[in-house]
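A quick write-up on the structure given underneath.
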Amino acid sequence: MEVDVERIRPRLRGDVYVMRVPEGAYIRSNLGGSMLKGASTYEWIQRIAPMLDGTRTLGELCAAVPEPSRAGLAKLTMLLLGKGYVKNVLDDRPHTLTADVAAAYAANIAFIEYFTESPELRFEHYRDSTVVLAGSGPLLQALANAHLRSGVRTVSLAPFAEVDRDRVAEHLAAARALDPEQETAYREVDAERLDRVAADAAMVLHVADRPMIERARSLPHVARAAGAAFAQAIVVGDDAWIGPVIGRDGDATAWESAWRRLRALAPDLVGADLRDHPEAAPSDFLRGPTVALVANQLCFAAFRHLTGIDPGTGADHLVRFELETLETSKHTFLPHPLALPVVPVAPSRVAALATAAPVDDEALARLAVDCVDPRTGVFAEITERDYEQLPLFVSEVVVSDPVGLAGGPFPVHGVGESVVESRQRAVRHAFERYAAVMVDSRRGDTLHGLDVLTGEPVAVDASEVFPARTAASGDDWTAAVRAAVVAAAHANVAAALAAATGPFPRLDLDSAGLTARGERYLKLLRIVDQPFEVHDLSGPLGLPTFAFSTPDATVAYASDLEVAVALERGWSRPCSPTSPGPRSSPATHRRPCPTCPRTCAGRPGRGRSP
């Protein structure tokens, strides 16, 4: 295909390095490396490199060299263009940077060029942006220095407490040796007039060396109201939390969502009460280079956002910077309901669930991927830990405590005949338990529900629902209602045991109808010669319910609308439904479960045999 040399204005990327090798030339950049063969290739690249500055078209370059060399020049230039080492800047927009400024910040401009077009113009816009730096102490001073080094013409500071202005002046003097146009300015602000922080700002950056949580929640809304982007770095304990980067039209609740998710997995965190804590002592590790590193990371996030490298991609995660080890990690989060404006739930939404599309275990597992993060997730982790995985597999999900009703994060478990199945069951149980403790009290004292018999809408007292004693789900609405009815009845096991006046009948397993899986479980128990008994509790509960016991303890109860399914569940169920941390099942049980003292230390019904 013929190339229009007048439509190509080539510029060699600033990160390109060329080395002579026996085969010809080895060329490398951040995009990778390539071997270009030919005895004279290295000399050719060295000759044309100064010409590839983006000021002339390829046609103009060819016209400036002797005719015998024109074809070679065009061929080599197109080869470098195809491999990404040369960029066509014909459509780059014009800029007004002086040659001195462009040279002083050549590395910054080259970094922008690596990701997007018109790097000089983007840097010029960044340089002229009003970026307001709010906070106090050494972190604010280091942030001012980082922004001076990044090329901002005027650094505006909004100190909430004392800041060493002499130290800032020293940073300015050092920066002006390279860029005489730079200057600093101060804004007088206080906690009562946060709107002054963001006035006429393109972006607001906030730093705090201790948990100033109320201010951290308020400033994103102030910036959003002023049409400014926002990001911050808050030090809590020995960790600095940097981000999220919220665009000028972004979600001002993002930081609060992140913090609520963080405290849901770490309820003892200072600042978990959502208040400012000026009395908290800064970390012993926040000094010297760590102060500069935190400030530089926040400055870098602002640089990427304002130059258009990361437009709208930083609002869903925090960066954790460990002050002691200097390690960083990225933590994604989902919006937290209590950070968002309250939205009343219409009765029609509940009715619509009956016609919703099915969600099977595989689809639910895919949805769970976005919910997992060890610091800010709805679930902290999905793991098998060190549990024995034979003959059944056991998986665990650590569920967060989103509104403080569960007493902190807690584990739930799933058992299956494969890791995939055990994980899917654990994930479904985790979603159920999360739903049971996630209540938005702002929605009022009344909830909307459906009568399971008539399907008619009903009003329900919220205090009778949350925190829910039981929660159930299914692939579709019918399965979910069925599971909920079983779970509600099953929740009465303890009351039935307490009211019993005599032993419950022992089930004859040889005459009981079993599912194929139930037969396998029964066979496993008999192979390992595990003594066990199954007692029938169906009478007082009104649906098939069984207790599964070894000579040492009752290890599980199970209910269902079908006898065979209830027996299958009992043999695979990890311990008792009243226990928060089961780790075994009748098919794998060898000894009383130490994690379930209320149900495994003795037989049900206050020590009485079923």
Side-chain angles (χ1 to χ4, degrees), residues 14 92-98 101-102 104-135 139-140 142-158 171-172 175 178-179 181-185 187 197-207 219-233 242-252 254-255 292-319 330:
D92 276 12
R93 292 167 290 171
H95 63 89
T96 60
L97 289 178
T98 65
V101 170
Y105 298 104
N108 299 26
I109 295 170
F111 181 80
I112 300 171
E113 183 182 33
Y114 180 78
F115 295 95
T116 187
E117 85 295 337
S118 305
E120 290 88 355
L121 181 63
R122 291 175 180 272
F123 178 78
E124 183 178 3
H125 288 167
Y126 171 76
R127 177 175 173 79
D128 294 334
S129 297
T130 301
V131 181
V132 178
L133 315 180
L139 266 180
L140 183 59
L143 187 60
N145 185 41
H147 271 76
L148 288 168
R149 297 297 183 181
S150 72
V152 172
R153 190 190 307 273
T154 302
V155 173
S156 298
L157 293 92
H171 292 321
L172 176 62
L178 179 69
D179 183 359
E181 297 179 10
Q182 288 187 307
E183 59 184 6
T184 58
R187 299 185 177 199
V197 174
D200 302 320
M203 189 168 192
V204 175
L205 301 178
H206 174 233
V207 290
L219 280 174
H221 295 276
V222 172
R224 177 71 170 79
F230 181 83
Q232 59 185 330
I242 304 167
V245 180
I246 304 170
R248 58 185 303 171
D249 298 321
D251 180 9
W255 189 89
L293 287 170
V294 172
N296 287 341
Q297 288 216 23
L298 183 58
C299 175
F300 186 50
F303 179 85
R304 293 175 67 96
H305 179 77
L306 290 175
T307 56
I309 294 174
D310 290 334
T313 60
D316 63 347
H317 68 269
L318 292 173
V319 173
K330 179 180 176 180

With a 4.5 Å limit on heavy-atom distance, are the side chains of L97 and L121 in contact? no

Let's go through I309 and F111 carefully: what are the C-alpha distance in whole Å and the side-chain angles of both, what is the deciding distance for side chain to side chain contact (heavy atoms under 4.5 Å, CB included) to 0.1 Å, and is it a yes or a no? CA-CA 9 Å; I309 294 174; F111 181 80; 3.6 Å; yes

Minimal heavy-atom distance between A144 and L133, with the atoms involved, is CA-CD1, 3.6 Å

Test your reading of the model: is there a side-chain donor-acceptor pair from Q182 to the backbone of L172, 3.5 Å cut-off? no

Of all heavy-atom pairs between A229 and A223, which one has the smallest distance, and what is that distance? O-CB, 4.1 Å

Applying the side-chain hydrogen bond (donor to acceptor under 3.5 Å, both in side chains) criterion to T154, which one of E183, H147, R127 satisfies it? E183

Would you mind reporting whether V197 and R187 have side-chain heavy atoms less than 4.5 Å apart? no

Side chains of M203 and L205, heavy atoms from C-beta outward: is any pair under 4.5 Å? yes

Compute whether any side-chain donor of one residue and acceptor of the other, for S150 and Y105, lie under 3.5 angstrom apart. no

Heavy atoms only: give me the nearest A295-A146 pair and the separation to one decimal. O-CB, 4.3 Å

If you compare all heavy atoms of A292 against all heavy atoms of A142, which two are closest, and at what distance to 0.1 Å? CA-CB, 4.2 Å

Nearest non-hydrogen partners of W255 and G243, listed with the distance: CD1-O, 3.2 Å

Within this structure, what is the CG-CG distance for the pair D316 and D251, rounded to the nearest 0.5 Å? 11.0 Å

Could you tell me how the ring of F123 sits relative to the ring of Y126: parallel (under 30°), tilted (30 to 60°) or perpendicular (over 60°)? tilted

Heavy atoms, side chains only, cut-off 4.5 Å: are R93 and R122 in contact? yes

Gap separating the CD1 atom of I242 from the CD atom of Q232, nearest 0.5 angstrom: 11.0 Å

Decide yes or no for S129 and R153: does some side-chain heavy atom of the first lie under 4.5 Å from some side-chain heavy atom of the second? no

Of all heavy-atom pairs linking A252 and P220, the shortest is O-CB, 3.4 Å

Would you indicate whether the side-chain heavy atoms of V131 and S156 approach each other to under 4.5 Å? no

Does some side-chain heavy atom of C299 sit less than 4.5 Å from a side-chain heavy atom of N145? no

Could you tell me whether the side chains of H95 and E120 share a donor-acceptor contact shorter than 3.5 Å? no

Taking side-chain contact (heavy atoms from CB on, under 4.5 Å) as the definition, give me every residue that meets it alongside V207, ordered by chain and number, with sequence neighbours left out. L139, L140, L143, A233, L298

Does any N or O in the side chain of R248 come within less than 3.5 Å of the main-chain N or O of G227, such that one atom is a donor and the other an acceptor? yes

What distance do R304 atom CZ and L306 atom CG have between them, rounded to the nearest 0.5 Å? 12.5 Å

Reported CD1-to-NE2 distance for the pair I246 and H305, which is rounded to 0.5 angstrom: 10.0 Å

Check whether any side-chain heavy atom of V245 sits under 4.5 Å from a side-chain heavy atom of F230, and report yes or no. no

